[in-house]
Amino acid sequence: MEIEDNIETFNSLIKRRSFIWGPSPEIYGGLAGFYSYGPAGMELKHNILSMLRRELRYFGFGEVECPTIMPEIVWRASGHLERFIDPVIKCEECNTQYRVDKLLQEALPDTIIDGLSFEEMEELIKKNRILCPKCGKVFQKIEEYNLMLKTVIGNDTIAYLRPETATTTYLLFNRLDQDARRQYPIKIYQYGKAYRNEISPRQLVLRMRAFDQFEIQLFIGKEQEMDFEDYFELKEYKLPLLDWQIQEKKIDTPNLISLEQAIKKKILKKPAFAYCLYLGYYLTKKVGIPEKVIRYRQHSPHERAHYADDAWDLEIKTNQFGWVEICGVHDRTDYDLKRHGDYSKQDFKVSMGSDPNVKEIPQILEIAFGIDRIIYTLLENAFNVEDGRINLKLDKHLAPNTVAVFPLVRNKEKIRNLALKIHRDLLEFRIKSFYDAAGSIGKRYRRQDELGTPFCITIDYQSLEDNTVTIRERDSMNQVRVDISEVPNIINK
RNA sequence: GCGCUCGUAGUAUAGUGGUAAUAUGCUGGCUUCCCAAGCCAGCGUCCCGGGUUCAAUUCCCGGCGGGCGCACCA
């Protein structure tokens, strides 16, 4: 069978080998923007999460988990209610839908549209006789398109599914502050589902309506942002930075530049923020994304989120979808805690600097990963077709199976029994072992290559005589013969 | 949401106004072999709803879903 090295082969692989299925529910035709993970996909996801959690523990971060549904007041305070509901207007004639604010801004470049109410915008449309750009008809009423999914708790409490995990983390600030015993920065992260009612979800798991976020937060003082201990150890470290000013010159290759240089050249303002960029980059590399497909792209001032003072997207180059954002690093300033302080009538001012009499609302720096996007870009980058062989080059700690065990032949009971015993012994060590006796030996190797299994162990006639087996390494396909007792060590090495 | 286009076994495709095929896959058996080997037997498909028709997987309409472009993506 001819195996072509193309995106179709990849797309069918992730379905065939139970990584990603959908749109779900498939048997009912599917709903756009919703996908399921199969057993292999979940193994991969869990392995990625374990790796991230382990690394973050090393960097001194703790984990929290909050409800995915929060009452309206939370989203009013966070600014999402205001910013996530877009005013749209529909032309009755040609059915085309427009964002009212964008339409107005284009028609009236000198008017400030931001912050106008629906009524005021309707008024502007009437007064300036703005017609449908497509067919020239008169517009009717402005409607709202809500990017947040709304629900009702009990009988009449309006609530929303969280559009990001970050906000729910911030609500814990006074608890975290106690827990951290005023040692700043407070380093905390949250992993979990977030929901956005995307207008047109596309591109597999890259733009879903229910997706996983892994959001890392630093609560930090203004003084500490500029004089941050962790930064000094890694200020020499170089990152591929594409700042917004280079982008304006239509350049899209990043500069490999040290954090220190970036600060000096005023590409970055704060050492603590530079540390966040480093951490995002470090974690991305840790899960096995190669350096050459990673870059940091800075948002231009008008591209930024409502809460952000500075924003950089960590992007991965993919074959199918070009550069894909997998992580956003944001300087959220004291925006969030200020707002939640105001709305909840709590005082979030704490003394964080050298002078205990000076109290301030903490600044927040955020590193927000989209786990589903990591999974997709990782799979795509791991995918290789080599001499007609599909090889998924996943890091051995991430592969769904760490090892597969095969009897060379199936109809020799002694060989089969020894293979099964070795498989069970590996499981006893809690090594992710998979046993397979079906089909030819070559076919079994190929099946495991498609799942990214780093090692295959084959039990043959010689094994019965001298207690040795062969271990085959996925990428080289090289085999070495070793004593059975050595197997766990070699795999865990 | 709009426009174009597509929707056939698990996967990839062919084809047709008279309910379907090729490869691969999967199951059982034989063979026993170190890189998708062979043999035998078997399994499995026309996205959903409506219309036209004696008869629809095929034609028409609507829906749902995919791809591309526009818009959107804090």
Side-chain angles (χ1 to χ4, degrees), chain A residues 1-4 6-9 11-18 21-34 38 78-80 82-86 88-91 94-99 101-103 132-135 143 145 147-148 163-164 166 196-204 206-209 299 302-308 311 313 320-321 324-325 328 330 332 368 370 386-391 406-412 415-416 437-450 456-462 469-472 474 477-479 481:
Chain A
M1 186 179 60
E2 192 73 15
I3 294 173
E4 287 178 44
N6 58 27
I7 211 68
E8 286 76 21
T9 309
N11 288 337
S12 82
L13 175 79
I14 61 177
K15 270 190 257 181
R16 277 192 299 116
R17 287 298 173 216
S18 84
W21 290 320
S24 303
E26 287 188 275
I27 61 166
Y28 290 107
L31 194 54
F34 296 93
S78 71
H80 287 89
E82 196 181 321
R83 299 300 183 124
F84 262 51
I85 296 182
D86 291 330
V88 294
I89 201 158
K90 203 170 178 180
C91 172
C94 64
N95 261 338
T96 312
Q97 197 166 285
Y98 301 93
R99 274 275 298 271
D101 48 342
K102 302 236 166 180
L103 190 75
C132 175
K134 213 168 181 180
C135 62
E143 290 165 42
Y145 187 91
L147 268 305
M148 281 197 293
E164 60 164 11
R196 291 179 196 180
N197 195 13
E198 297 282 357
I199 296 170
S200 74
R202 266 181 205 190
Q203 306 180 316
L204 252 17
L206 297 187
R207 259 180 91 188
M208 289 198 285
R209 285 174 165 146
H299 283 198
H302 64 267
E303 195 183 349
R304 281 181 214 142
H306 62 275
Y307 48 70
D313 286 346
Q320 190 160 216
F321 303 118
V324 170
E325 175 199 350
H330 304 117
R332 297 179 72 134
E386 298 160 350
D387 299 323
R389 174 177 79 115
I390 294 175
N391 185 16
F406 310 140
L408 179 63
V409 294
R410 167 153 78 157
N411 65 347
K412 295 283 179 290
I415 290 184
R416 228 173 47 218
S440 73
I441 189 75
K443 191 177 273 187
R444 287 177 246 157
Y445 286 140
R446 293 291 197 270
R447 271 202 284 261
Q448 294 306 313
D449 291 342
E450 290 190 345
C456 292
I457 291 172
T458 300
I459 288 77
D460 57 14
Y461 294 97
Q462 195 181 329
V469 295
T470 59
I471 293 193
R472 168 198 184 262
R474 180 192 64 206
M477 297 199 287
N478 285 339
Q479 284 182 296
R481 184 168 285 279

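Labels below follow one simple rule: chain letters A, B, ... track the order of the sequence lines, proteins then strands, and each chain is numbered from 1.
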Given 3.5 Å as the limit, does a donor-acceptor pair link the side chain of Arg196(A) with the main chain of Pro163(A), or not?
yes
Rounded to the nearest 0.5 Å, the CG atom of Leu13(A) sits from the CD1 atom of Ile7(A) at a distance of 11.0 Å
I'd like to check Lys412(A) versus Tyr461(A) (side-chain heavy atoms, cut-off strictly below 4.5 Å). Are they in contact?
yes
Identify, with sequence neighbours excluded, every residue that meets ring pair (Phe, Tyr, Trp, His ring centres under 6.0 Å) alongside His80(A).
Trp75(A), Phe84(A), His306(A)
To the nearest 0.5 Å, what is the distance between CD1 (Ile415(A)) and CG (Asp460(A))?
6.5 Å
Heavy-atom side-chain contact between Asn11(A) and Gln320(A) under 4.5 Å:
yes
Using the P atom in both, what is the distance from C2(B) to G62(B), to the nearest Å?
12 Å
Summarise protein proximity over nucleotides 28-35 of chain B in one line of letters, 5' to 3': B for base, S for sugar-phosphate only, - for none, counting protein heavy atoms closer than 4.0 Å.
---SBSBB
Side chain Arg444(A), main chain Ala438(A), donor-acceptor under 3.5 Å:
yes
In whole Å, what separates the C1' atom of A56(B) from that of G17(B)?
7 Å
Give the minimum heavy-atom separation between Gly38(A) and Trp21(A), together with the two atoms involved.
CA-CZ3, 3.5 Å
How far, in whole Å, is A14(B) from A9(B) if one measures between their C1' atoms?
13 Å
Spell out, as yes or no, whether a donor-acceptor pair under 3.5 Å connects the side chain of Arg416(A) to the backbone of Arg410(A).
yes
Remember a base hit wins even if backbone is also touched, and classify Leu31(A) as base, sugar-phosphate or nothing at under 4.0 Å, heavy atoms.
sugar-phosphate
What's the separation between atom CG in Asp449(A) and atom CD in Glu386(A), rounded to the nearest 0.5 Å?
8.5 Å
Report, one pair per line, the protein and nucleotides 67-70 of chain B atoms (nitrogen or oxygen only) whose separation is under 3.5 Å.
| unit_1 | atom_1 | unit_2 | atom_2 | d |
| --- | --- | --- | --- | --- |
| C68(B) | N4 | Arg202(A) | NH2 | 3.2 |
| G69(B) | O6 | Arg202(A) | NH2 | 2.6 |
| C70(B) | N4 | Arg202(A) | NH2 | 3.3 |

Give the rounded distance in Å between these two atoms: CG of Leu147(A) and P of C73(B).
8 Å
Would you kindly give the CZ-to-C1' distance between Arg447(A) and U24(B), to the nearest whole Å?
13 Å
Please identify each residue that fulfils salt bridge (Lys or Arg N to Asp or Glu O under 4.0 Å) with Arg17(A), with sequence neighbours left out.
Glu450(A)
Identify all pairs in which a protein N or O lies below 3.5 Å from an N or O of nucleotides 5-12 of chain B, and state each distance.
| unit_1 | atom_1 | unit_2 | atom_2 | d |
| --- | --- | --- | --- | --- |
| U11(B) | O2' | Ser12(A) | OG | 3.4 |

Write down the atom of Val469(A), the atom of Ile459(A), and the distance for their closest heavy-atom approach.
CG1-CG1, 3.7 Å
Please give the distance between the P atoms of G38(B) and G66(B) as a whole number of Å.
38 Å
Rounded distance in Å between the C1' positions of G7(B) and C48(B)
12 Å
Shortest non-hydrogen contact between Arg472(A) and Gln479(A), atoms and distance
CB-CG, 3.7 Å
Glu450(A) CD to U24(B) C1', in whole Å, measures 11 Å
Using heavy atoms to find the nearest nucleotide of RNA chain B for Gly33(A) and Arg17(A) separately, return the residue whose nucleotide is more 5′.
Arg17(A)
Looking only at atom C1', what distance separates G44(B) and U19(B), rounded to whole Å?
16 Å
Between Pro407(A) and Ile441(A), the two heavy atoms sitting closest are O-CD1, 4.4 Å
Can you find an N or O donor on one side and an acceptor on the other, under 3.5 Å apart, linking the side chain of Arg207(A) with the base of C72(B)?
yes
Rounded to whole angstroms, how far apart are CZ on Phe406(A) and P on A36(B)?
13 Å
Those stems involving RNA chain B that have three or more consecutive Watson-Crick or G-U pairs, both distances under 3.5 Å, are B:1-7 with B:64-70, B:10-13 with B:21-24, B:25-30 with B:38-43, B:47-51 with B:59-63
Taking atom P in both U58(B) and G49(B), compute the distance separating them and give it to the nearest angstrom.
12 Å
With distance as the sole test, does Arg209(A) use its side chain to make a donor-acceptor pair with the main-chain N or O of Ala32(A) at under 3.5 Å?
yes
Taking U24(B) as the reference, what is the distance to A37(B) when you measure between their C1' atoms (whole Å, please)?
15 Å
